[in-house]
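Everything on this sheet refers to the single structure shown next.
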Amino acid sequence: MNIPVQPIIARRSPGPDGEKIITLAALAVGGQGGGVLTDWIVAVAEANGYRAQSTSVAGVAQRTGATIYYVEMCRDTGRMPVFALSPAIGDVDILMASELMEGGRAIMRGFVTPGRTTMIASTHRIPAVAEKIAPGDGRANGPEVIEAMGIAADKVVAFDMETVAKDAGSVISSSLLGALAGSGALPFPRESYEEVIRKSGRGVEASLKAFRDACDIAEGKTAVPVLPPEPVKPAPNLVVPDKLKKKWAKLEARIAALPTPAQEMAMLGLQKVVDYQDVKYGAQYLDMVEQVAALDAEPYDMTSNAAKYCARALCYDDLIRVADIKTRATRMDRVKGEVAVQDGQVLMLTEYFHPRFEEFATTLPRPIGRWVQSRKGFEAWYGRNLDKGRRIRTDSIRGFLMLWTVSSLRPMRRRLLRHRSEMDHVDAWFAKVLETAKTDRALAAELLANYRLIKGYSDTHARGLSKFARVMEALDMLKGRDDAADWMRRLRTAALDDVKGEKLDGALATVRSFAG
Amino acid sequence: MAERSFAKEVQKLKKGDGETFTGEGILAITKALLENGVGYVGGYQGSPISHLMDVLADAQEILGELGVHFEASASEATATAMLAASVHYPTRGAVTYKSVVGTNVASDALSNLASGGVTGGSIIIVGEDYGEGSSIMQERTYAFAMKSQVWMLDPRPNLPTIVKTVGDAFELSEASNTPVMLQVGIRSCHVHGSFTASDNKRPELTVSDALENPKRKLDRIVLPPATYIHEQEKLTKRRPAAEEFILERGINERFGTPASKIGLVITGGSYNTVIRALNRLDLADIYGDTQIDILCLNCVYPLVDSQILDFCEGKDAVLVVEEGFPNYIEQQISHVLYKAGKSIKLEGKGKLPMGGEYTGQVMVDGLAEFLQDHAPGLLPVTKVATNEEPVAIPDLTDTLPARPPGFCTGCPERPIFAATKLVEEELGEHHISSDIGCHLFSIMPPFDLGATTMGYGLGPASASAFRNEKKGGRRSISFVGDGGFWHNGLTSSIGNAVFNKSDNVIIIVDNYYSAATGGQDILSSRATNKTKETQHSIVDAVKGMGVKWVRHIDRTYDVTKMRDTLTEALTTPEEGPKVIVASSECMLNKQRRVKPEMAKAVKDGKRVVKPRFGVDEDVCTGDHACMRLSGCPSLSVKDTGDPLRDDPVASIDQTCVGCGNCGEVADAAVLCPSFYQAEVVSNPTEREKRSASRSQRLMGWLQSRRDAKRIVYA
């Protein structure tokens, strides 16, 4: 749906000497320093012989909510103009947004007018709570907003100003000011902005650097920085000890025999599975992928999905896995980098664990685990005495050794109770996949992707399993239909969308209504 | 200690004759009070007038020199009652609060004050928050002015006018023996501008002088028969005196061209928006010169009939621009015109919307419609006809996520609501009464807790009807903050619950400050305050009111304990109200206090531990259960860059203050082991360093031994 915009007829008229009021609105997320930005803009205007006025709506809006700052300015001719106190629809010359969705909000509120408004927006995201709490990926569609900017604004200056600021060791108000200066929307020389920053006193050098970098980008002197998505984690390295090189080479050879489109994913999957358990486990993984590939054809989507989700299914999250990850050298290095530990500083690292009876019992060898599970008295005793949160200091020998010991159960994993239940589950799922693949490859590909629903630990994991089961239930209803794959995908999306599963209930009811 | 330090603003209060004062509207009012020889100031903080209180609190020295008494009143009722000092004495006084909520609280005192009238000039500065993002309901303070017969000023929103109005208000009050309300909108309070300052004046009679020379006049006391005489006096003496003052002093301003056949009667606060709209319609220049006749009411109550009639004389039509409903001004004007037998066309609501804020576009539309109907010749053709093609802008309504305000990073109130959610998962949903304060954000996602909010300190009171006939049945849970507790909650909520043998659960959220209004100190604040008496225990107060079942949690971040305590409160067979006092310092204020201290300690070579949380992204499965129990701004989602994974994982950014909520919630809710707490020790002890390097060597050996036997991909 498109919103038709009323013809713009109410335009400001200039003063007798041709002096014009310039209006500037800044939409920010509370806590981003919008006040500093507006103070700077007012100071720049005044330094250039303009009269200026700023207003803001503070109060609870500061607490992480969306907030608006507003500035008006006019060349000083000796009289005080009557400045408005808030932005009006269709009457904003410059719109600054310190976050992508706030830029979108400005458009929806009518503050961005075709043929008039210069839009200066940072394209980084600060996800709102609503986006963060979806069990799947609830994040808003960024490209759609960027596209709308291009339509709504007269001129657009949009790039990731948060990163430009961070790289300079500053905050976004500096880079926003730089983008404003570089946009040329205000008739003030760049030097006057720099002078105002210099006079502001705190963190001047960093602010100036962020200002200049952003200004250069806005002026087109330097390219917009191309940012890899979250460059925090270095790409993993594969290290194969000499003893295992031969066996590894055999596995690699099997990858080469898979359909080309699935090879990359299969390689990633193989590495993950071997890292998770051992070479033999890698072979088991490839067995699965090959069985699917044998039933597949161009464009080999089903095989790619098998490569991805079989790896996921085999690498279930158990205590051994967690202990293994938490005691790796690479992990220690990563944490140190993340929290910026400097020379001469010491890092103390506390892990939060809460193993319940279920985790304890399933990490035991199968017969013992079963026996323990059957003793209700023991479970109650565990609940009373052991079922509580544990803080483990992995920077201390004691804590590290505790996790190390758990992680060294890895070679025994196949004999543990949890492995059996996981593999029963995987086998049942995979059998259905293979059976379906014979008649409906697209549907089989969707069945593979359903494994995405299983995630988390304890209750979350249980909830995931139940969602998975309910989505898979629909298989019998959908089998043989042309749109089976499509519906299977919709069911999965519904399941990922909400916590309580109400959307899934609705989707299942729909399926039942036509296929039941 | 307020959230912001006003040391700089305090210096501005010292400015003398001829100097330029630059700052926010609310600070200009503060300065104007001193320039007008105010003898005492009181009030209750709240947006948008908090800064007035905060600046004065930081300006005790200047106030002392001038002999001005300042008090942070316990409530708006207290503040208004404080103006009693101006009843018998010629001392000027001013109080301030947010309206309309504050005015509601104050109204008992306001009625009594208005009845006896005042000798010294008395102003009530009411901050109004009327537009989008307002945290309160939109009722008109105007009704209070009318029913109590107190006057109301609404100055044009620029600093020189606002400052002049403060002086006018004192004089009007004295000339008519009536308290005067000075109404300022949120945008006027926060508008930055400048004015030429005057010297500060000592009060004519300080409150100390008054105490030394006590006076009483029986006819000023609200007691029959004086009460009945007061009502007469209001109408026969005070109101005429006020009208005379308004006319003589030209409080209301006339702009534009008097000969114009159409006119606008506008409130002072709306002046700038009206001029901008006229400018956009080509009927005014940017300085406000216009061909239309405007009567700008800087005094909105009382209206002077003769002035209205005079303005309307010879006009075809008049539009009243008056925000809010009911349209009291329009009604009064129509009454005046009708009684005078005038046939002039009066417009107001209808051309302009009944309710809501009169924003720029609303004003343009309303004025254009009025002009088209009554003076079509005035509107330039270019404004009503256009060849411009409308541009279709994509609708982003479904894309844009809502961004309501929420708890700050590290907020100690978050774990209280996480615990409440966990309790509800176990015991089912409960009726929850909320209160005013930051804790009200629990109503928003991810917590979605709370059904009503009835007023400051009234959370538990608003659950008082809920008495379960079933023994052992479900109880209600209600919240009240420490600010609300001392403002009104101790008696209206706690005392009431004890007296009426309530069986419900009350949680008092104690964050050491009146946090939502900017972090002002209150009775139970833990900091020492030079001019205030603090560190009074809420627990003792609650016990003093007679509550038997009281639990104190002195670290709200202990989610497990919080959850278990709430469960106990909801299930204990003990009768009477169950009160949990949950205390931890407001993180915003704590950081402001602690950060510089820590930086200094590191510099001085002292051992400093700085905590932060992190997420092991390989362990995180991207279910986001943690965020459904948190909503912390520093806990967000990010892509892993791993093609094997579909969903973004949890991630904690640099702004994390290491409050511990993430770990505690993961523990209490048995979420997942992906959270870790990293504590970076600056200036560690030698022993610590040795031990760390020893551990590292051993770990390194173990790690390489393990890696030699397996394929590693990490």
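Heavy atoms only: backbone and side chains are in, while hydrogens, waters and symmetry mates are out.
For a residue to count as touching a neighbouring chain, one of its non-hydrogen atoms must lie under 4.5 Å from one of that chain's; by this rule B:Ile275 touches chain A with the side chain only. With a 4.5 Å cut-off on non-hydrogen atoms, B:Ala714 touches chain A through its backbone and its side chain both. Using a 4.5 Å cut-off between heavy atoms, A:Val346 touches chain B through backbone and side chain atoms alike. Looking at B:Val615, only its backbone comes within 4.5 Å of chain A, counting heavy atoms on both sides. Heavy atoms closer than 4.5 Å to chain A are found in the backbone of B:Ala402, but not in its side chain. Neither the backbone nor the side chain of B:Thr359 comes within contact range of chain A, judged by heavy atoms closer than 4.5 Å.
Under the 6.0 Å cut-off for aromatic ring centres, A:Phe353 and B:Tyr676 do not qualify, their centroids lying 6.0 Å or more apart.
Closest approach of A:Lys455 to B:Asp647, counting heavy atoms only: NZ-OD2, 2.5 Å.
Under the side-chain contact (heavy atoms from CB on, under 4.5 Å) test applied with A:Tyr457, the options B:Val619, B:Asp623, B:Leu671 reduce to a single match, B:Val619.
Here the CD1-CZ distance, from A:Ile21 to B:Arg280, works out to 11.5 Å after rounding to the nearest 0.5 Å. Atom-to-atom distance recorded for A:Thr350:OG1 and B:Phe613:CZ is 7.5 Å, nearest 0.5 angstrom.
A salt bridge links A:Glu72 to B:Arg276: at least one charged side-chain nitrogen sits closer than 4.0 Å to a carboxylate oxygen. By the 4.0 Å N-to-carboxylate-O rule, A:Asp278 lies too far from B:Arg710 to be salt-bridged with it. Taking 4.0 Å as the cut-off between side-chain N and carboxylate O, B:Asp667 and A:Arg390 do not count as a salt-bridged pair. Ion pair A:Arg139/B:Asp639 flagged as a salt bridge, since at least one NZ, NE, NH1 or NH2 atom sits closer than 4.0 Å to an Asp/Glu carboxylate oxygen.
A:Ser407 and B:Arg706 are linked by a side-chain donor-acceptor pair at a separation below 3.5 angstrom, with hydrogens and angles left out of the test. Under the 3.5 Å distance criterion, with hydrogens and angles disregarded, a donor-acceptor pair is assigned to the side chains of B:Asn279 and A:Ser13.
Judged purely by atom type and a 3.5 angstrom limit, A:Ser458 uses its side chain to pair as donor or acceptor with the backbone of B:Val670.
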